[in-house]
Visitor: 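Dropping the structure in here first, questions after.
Fair warning: this is a prediction, and the values are worked out from it, not measured in the lab.
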Amino acid sequence: MLDIQTLRNDLAAVAARLATRGYALDTAKFEQLEAERKTIQTRTQELQAKRNALSKQIGVLAGSIARLNATEEHEQADFNILQIEQSKAEAGALGDELKQLETKLPLVLQEMEAFLSVIPNTPHSTVPVGKSEADNLEVRKVGEPTKFSFEVKDHVSIGEGLNGLDFDTATKIAGARFSLLKGPLARMHRALAQFMLDTHTEQHGYTETYVPYLVNAESMRGTGQLPKFEEDLFKVPRQMGEKEEHFYLIPTAEVPVTNMVRDTITPLEKLPLKYVAHTPCFRSEAGSYGRDTRGMIRQHQFDKVELVQIVHPEKSYEMLEELLGHAEIILQKLGLPYRVVKLCTGDMGFSAATTYDIEVWLPAQNTYREISSCSNFEAFQARRMQARFRNAQGKPELLHTLNGSGLAVGRTLVAVLENYQQADGSVKVPEVLRPYMGGMAIICAN
RNA sequence: GGAGAGGUGGCAGAGUGGUCGAAUGUACCUGACUCGAAAUCAGGCGUAGGUGCGAGCCUACCGAGGGUUCGAAUCCCUCCCUCUCCGCCA
């Protein structure tokens with residue numbers, strides 16, 4: 001969420017920045033809501049102040065009556081009773097208008113909240129301006145695209161050839177966009193996650209976490225998935241007394257992990273918080289019909305090792321570079337060629353102020369495909385979550401939040417299969433994974 | 001699933017209709033005393049919002065939401081969460 005104060009003070013500038021990412025801010029609507037809010041709020045508070053003053057007076061008078069009677073000052077007591085009646089009548093007279101305003105105010109505030117909560121983050125000044133993927137900026141390329149002396153197969157053919165990948169059965173069990181791994185491939189999938197977790201905890205200083213895979217709506221709102229992107233999520237009904245509410249399946253560990261600091265004030269000396277989590281991720285993929293239908297590139301369920309950092313606002317860009325590096329190291333250790341791309345304004349996600357994508361080389365597609373996305377959200381999520389720290393002056397201040405995949409496990413498996421395939425259909429096991437696979441050096445058919 | 005007890009400021013813990021945003025203790029900050037520290041004494045110390053150039057003034061907030069009342073931390077209703085015991089269970 002953007003800071004409402006900034007919108008009040010600098011509406012045109014905010015609108016201009018949002019326009020670079022293709023979002024047309026309805027400034028007239030904002031001004032109208034703001035004017036309405038102001039009128040109703042000031043009038044409400046004025047009436048509340050009057051009512052409070054009268055009630056307080058009644059309290060004082062009521063308290064005096066017993067005392068006056070005790071000292072035989074009956075005349076004064078009677079007068080005070082009259083005063084009380086008069087004040088009650090006066091306060092009662094405020095009732096109608098006040099009640100009406102007190103009903104209306106939260107509605108107007110909610111309307112403003114609804115308006116604000118669907119506005120995307122403003123891009124950082126260093127983000128290249130552009131419309132689509134085509135305008136992204138390549139930052140660096142690491143490693144050369146793998147060379148083969150034979151015709152390469154894609155991961156589906158390789159996996160099926162090794163009897164380790166079975167989409168037909170997955171479809172029978174669940175439906176399209178699910179996968180089923182068996183034998184050494186299932187084990188390699190697990191090995192990858194373990195390897196990533198160990199690297200980040202042992203070498204990069206992240207604390208391992210195990211988190212809920214189902215979260216409440218408040219958490220989804222905190223990181224920005226709700227209210228705007230509900231159709232991308234899987235929803236699980238849940239009876240809460242009379243009301244039906246919902247759990248949501250997490251689309252990324254970013255949601256539960258970042259929400260750890262929702263509604264909390266973190267002491268300055270605890271910063272930065274660095275967490276890593278390995279979780280499944282669930283995405284409805286609504287609106288992606290026909291895209292990446294073959295293989296395990298785009299699934300309703302996939303595993304991901306996620307890095308999350310909660311940092312001091314002055315450090316967030318420095319930490320983004322560091323976090324990006326942590327994700328890159330995994331690819332380097334696995335010996336996978338990749339490139340780093342800085343997303344342009346038009347290609348960034350809703351909550352991000354800056355995003356780097358890491359794209360891994362996929363020989364069968366003869367191209368680089370996204371395997372990690374590392375973003376700085378600045379205070380956008382922190383404001384929604386009320387995630388704060390106490391600054392040097394002892395005052396609560398919003399934190400900055402960052403996250404990145406380190407990495408998407410399913411896609412990493414795809415990349416390993418394709419880049420490490422051999423002419424006979426077998427797949428070499430990358431050196432760093434062998435300790436996690438009982439020393440296995442090669443996966444052969446049978 | 002059954003029975004009970006609770007949710008109040010950073011923490012502990014009072015408060016059961018009226019000058020209560022909330023006693024007291026503790027933590028923290030400032031000052032005094034001290035060579036310095038401890039102890040002691042004095043003062044300060046919640047969050048969000050509105051309004052004003054500003055000192056300030058005003059509003060809301062005692063788990064959440066509704067209700068009663070001139071007035072609710074306090075009374076009523078619904079829900080959520082935590083703890084204890086029993087049962088069941090990976």
Side-chain angles (χ1 to χ4, degrees), chain A residues 1-9 30-31 33-68 77 80-113 115-117 210 212-219 221-222 237-248 259-271 379 382-399:
Chain A
M1 196 140 66
L2 298 179
D3 180 15
I4 193 166
Q5 300 293 359
T6 313
L7 284 161
R8 284 173 187 153
N9 298 333
F30 176 79
E31 279 168 338
L33 280 174
E34 177 62 5
E36 200 179 345
R37 189 225 95 226
K38 199 163 174 169
T39 313
I40 292 172
Q41 187 165 3
T42 47
R43 180 65 182 153
T44 305
Q45 295 187 351
E46 188 187 326
L47 292 180
Q48 284 170 333
K50 264 188 203 165
R51 182 202 59 197
N52 289 349
L54 287 167
S55 293
K56 197 171 259 189
Q57 196 195 343
I58 291 169
V60 173
L61 290 170
S64 73
I65 285 168
R67 200 185 60 243
L68 288 168
N80 285 0
I81 288 169
L82 222 71
Q83 279 286 305
I84 288 172
E85 286 314 311
Q86 201 178 324
S87 295
K88 275 192 188 181
E90 230 176 292
L94 300 173
D96 273 354
E97 191 187 356
L98 188 56
K99 196 160 236 171
Q100 208 184 346
L101 287 168
E102 280 180 338
T103 313
K104 217 163 152 191
L105 182 60
L107 295 178
V108 175
L109 291 175
Q110 271 168 37
E111 210 180 329
M112 178 59 95
E113 157 75 24
F115 178 80
L116 293 176
S117 63
Y210 171 81
Y213 302 159
L214 289 167
V215 302
N216 55 35
E218 203 36 54
S219 293
R221 212 193 68 82
R238 181 199 190 191
Q239 210 62 37
M240 296 285 258
E242 300 288 288
K243 274 183 296 203
E244 172 160 296
E245 296 206 348
H246 296 93
F247 279 130
Y248 294 86
N259 273 280
M260 284 167 71
V261 295
R262 172 154 55 84
D263 296 319
T264 59
I265 297 176
T266 307
L268 183 61
E269 64 272 15
K270 292 251 173 78
L271 298 176
R383 188 172 293 111
R384 290 173 163 248
M385 293 190 297
Q386 284 303 296
R388 297 175 292 175
F389 70 103
R390 241 171 240 292
N391 64 21
Q393 290 74 46
K395 289 291 159 199
E397 194 182 322
L398 293 171
L399 288 156

Visitor: Please evaluate residues Lys50(A) and Glu90(A) with respect to the criterion salt bridge (charged side-chain N to carboxylate O under 4.0 Å, His left out), reporting the C-alpha separation (whole Å), side-chain torsions for both, the decisive distance (0.1 Å), and the verdict.
Guide: CA-CA 10 Å; Lys50(A) 264 188 203 165; Glu90(A) 230 176 292; over 6 Å; no
Visitor: One thing to verify: whether Arg37(A) and Glu111(A) come together as a salt bridge, which I'm taking to mean a side-chain N less than 4.0 angstrom from a carboxylate O.
Guide: no
Visitor: Show the nearest heavy-atom pair for residues Leu268(A) and Arg390(A), with the distance to one decimal.
Guide: CB-O, 3.4 Å
Visitor: Expressed in angstrom and rounded to an integer, what is the separation of Glu218(A) atom CD from rC81(B) atom P?
Guide: 15 Å
Visitor: Checking side-chain polar atoms at under 3.5 Å, does Arg221(A) have a donor or acceptor matched by the opposite partner on Ser117(A)?
Guide: no
Visitor: Please enumerate all protein N or O atoms sitting under 3.5 Å from an N or O of nucleotides 47-53 of chain B, with distances to 0.1 Å.
Guide:
{"residue": "rU47(B)", "atom": "O3'", "partner": "Arg388(A)", "partner atom": "NH1", "Å": "3.2"}
{"residue": "rA48(B)", "atom": "OP1", "partner": "Arg388(A)", "partner atom": "NH1", "Å": "3.1"}
{"residue": "rG49(B)", "atom": "O2'", "partner": "Gln41(A)", "partner atom": "NE2", "Å": "2.9"}
{"residue": "rG49(B)", "atom": "N2", "partner": "Gln45(A)", "partner atom": "OE1", "Å": "3.3"}
{"residue": "rG50(B)", "atom": "OP1", "partner": "Arg8(A)", "partner atom": "NH1", "Å": "2.2"}
{"residue": "rG50(B)", "atom": "OP1", "partner": "Arg8(A)", "partner atom": "NH2", "Å": "2.8"}
{"residue": "rG50(B)", "atom": "OP2", "partner": "Gln5(A)", "partner atom": "NE2", "Å": "3.4"}
{"residue": "rG50(B)", "atom": "O3'", "partner": "Arg37(A)", "partner atom": "NH2", "Å": "3.4"}
{"residue": "rU51(B)", "atom": "OP1", "partner": "Lys38(A)", "partner atom": "NZ", "Å": "3.1"}

Visitor: In whole angstrom, give the distance that lies between atom CG of Leu54(A) and atom C1' of rG18(B).
Guide: 14 Å
Visitor: Check this one for me: any side-chain N or O of Asn52(A) less than 4.0 Å away from OP1 or OP2 of rU59(B)?
Guide: yes
Visitor: Mind calculating the distance between CD (Glu102(A)) and C1' (rU59(B)) to the nearest angstrom?
Guide: 10 Å
Visitor: On RNA chain B, does the nearest nucleotide to Ala91(A) precede the nearest nucleotide to Lys50(A) from the 5' side, or the other way round? Give the residue.
Guide: Lys50(A)
Visitor: Does Glu102(A) have any salt bridge (charged side-chain N to carboxylate O under 4.0 Å, His left out) partners at least two apart in sequence or in another chain, and if so, which?
Guide: Arg51(A)
Visitor: Is it true that, when you exclude Asn9(A) itself, more than 12 heavy atoms of the residues, nucleotides or ligands shown sit nearer than 6.0 Å to its CG?
Guide: yes
Visitor: Give the stems involving RNA chain B, where a stem is 3 or more consecutive Watson-Crick or G-U wobble pairs (i with j, i+1 with j-1, and so on) under 3.5 Å.
Guide: B:1-7 with B:80-86, B:10-12 with B:24-26, B:28-32 with B:40-44, B:46-51 with B:56-61, B:63-67 with B:75-79
Visitor: Can you find a side chain N or O atom of Arg43(A) that sits less than 4.0 Å from OP1 or OP2 on rC58(B)?
Guide: no
Visitor: From the list rG21(B), rU59(B), rC70(B), which nucleotide is the closest neighbour of the side chain of Ala49(A)?
Guide: rU59(B)
Visitor: In whole angstroms, how far is the C1' atom of rG71(B) from the CG atom of Leu98(A)?
Guide: 12 Å
Visitor: Would you indicate whether the side-chain heavy atoms of Glu113(A) and Met1(A) approach each other to under 4.5 Å?
Guide: yes
Visitor: How about Ser55(A) and Asn52(A): does a side-chain donor come under 3.5 Å of a side-chain acceptor?
Guide: no
